[in-house]
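A short write-up of the structure that comes next.
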Amino acid sequence: IAGITQAPTSQILAAGRRMTLRCTQDMRHNAMYWYRQDLGLGLRLIHYSNTAGTTGKGEVPDGYSVSRANTDDFPLTLASAVPSQTSVYFCASSSTSGGYNEQFFGPGTRLTVL
Amino acid sequence: GQSLEQPSEVTAVEGAIVQINCTYQTSGFYGLSWYQQHDGGAPTFLSYNGLDGLEETGRFSSFLSRSDSYGYLLLQELQMKDSASYFCAVRDRRGGSYIPTFGRGTSLIVHP
């Protein structure tokens, strides 16, 4: 693995189903983030984690949950998917959560909820 | 709360210079960053300004004025490959954590 990976690349999901988007980084970064990107709305933060074992809510957390059991992995779970969760999801990581904070993004997961 | 404003679209011709502005409102301020995103791709980091002034990286420069809550990204000698979306981003301190916030993005279209 080089950098940050996400799986699956794309997914079509029936409404009401549970879905986990996976994110793994091999840079030993402390901070990780989940964003959703919708046309015209830019990147909106869903949840974040400043270090393993801690998580926090971002701008649009409702309907999503995360866990950070270790440094490398930061899965995002949709407990019961709804059509409004159709979006492109990006995972990102950074070495620190402080001021200077270059974020490295994964390739994204395109999710369609029908 | 916090918000960032940037133009939705900018067009320019190859070889020209273009400036993409970003104004922000935050309860705290911990630097302004810029990211580039090509269609279908992931955002990639371009620059960071923590202090006032100009930061130059090759054809790209970024400027910050904290007193005006304003920054811009300057792209010189435009190339077709510069056609992409550009996002400004700030970090706000909330509840003891640094929360990143992105603007809605500026679509740059470079014409031959």
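Letters go in sequence order (proteins before strands), and every chain restarts at 1.
To the nearest 0.5 Å, the span separating OG1 on B/Thr101 from CZ on A/Arg44 amounts to 12.0 Å. Atom-to-atom distance recorded for B/Leu46:CG and A/Glu102:CD is 9.5 Å, nearest 0.5 angstrom. Distance check, rounded to the nearest 0.5 Å: CZ of B/Arg104 to CG of A/Leu39 gives 11.0 Å.
B/Leu32 is not connected to B/Tyr72 by any chain of hydrophobic side-chain contacts under 4.5 Å among Ile, Leu, Val, Met, Phe, Trp and Tyr, and they are in different clusters. In the hydrophobic clustering of this structure, B/Tyr48 does not group with B/Tyr70; members are Ile, Leu, Val, Met, Phe, Trp, Tyr whose side-chain heavy atoms approach within less than 4.5 Å, directly or through other members. Connection of B/Leu51 to B/Leu54 is not established within any shared hydrophobic cluster, with ILVMFWY side chains joined at heavy-atom distances below 4.5 Å, either directly or through further cluster members. Hydrophobic clustering places A/Val60 together with A/Leu76 (ILVMFWY residues linked when any side-chain heavy atoms are closer than 4.5 Å, directly or through intermediates). Linking ILVMFWY residues whenever their side-chain heavy atoms come closer than 4.5 Å, directly or via other members, leaves B/Val10 and B/Phe63 in distinct clusters.
Residues of residues 104-114 of chain A lying under 4.5 angstrom from chain B, judged on non-hydrogen atoms, are A/Phe105, A/Gly106, A/Pro107 by number.
Using modelled atom types, one side-chain atom of B/Tyr35 and one backbone atom of A/Gln103 make a donor-acceptor pair closer than 3.5 Å.
Your options are B/Ser8, B/Gly105, B/Gly50, B/Pro43, and the one with the most heavy-atom pairs under 4.5 Å with chain A is B/Pro43. The residue among A/Thr54, A/Leu41, A/Leu45 with the most heavy atom pairs within less than 4.5 Å of chain B is A/Leu41.
Taking the side chain as every heavy atom from C-beta outward, B/Phe87 and A/Gln37 approach each other to under 4.5 Å.
Within 6.0 Å of the CG atom in B/Asp68, the count of heavy atoms belonging to other residues, nucleotides or ligands exceeds 12. More than 12 heavy atoms of other residues, nucleotides or ligands lie within 6.0 Å of CD in B/Glu14, so this atom counts as buried by the packing criterion. Atom CZ of A/Arg17 has 12 or fewer heavy atoms from other residues, nucleotides or ligands within 6.0 Å.
Minimum heavy-atom separation, B/Pro100 to A/Tyr35: CG-OH, 3.2 Å. What you find for A/Phe90 and B/Ala42 is that their closest heavy atoms are CE2-CA, 3.7 Å.
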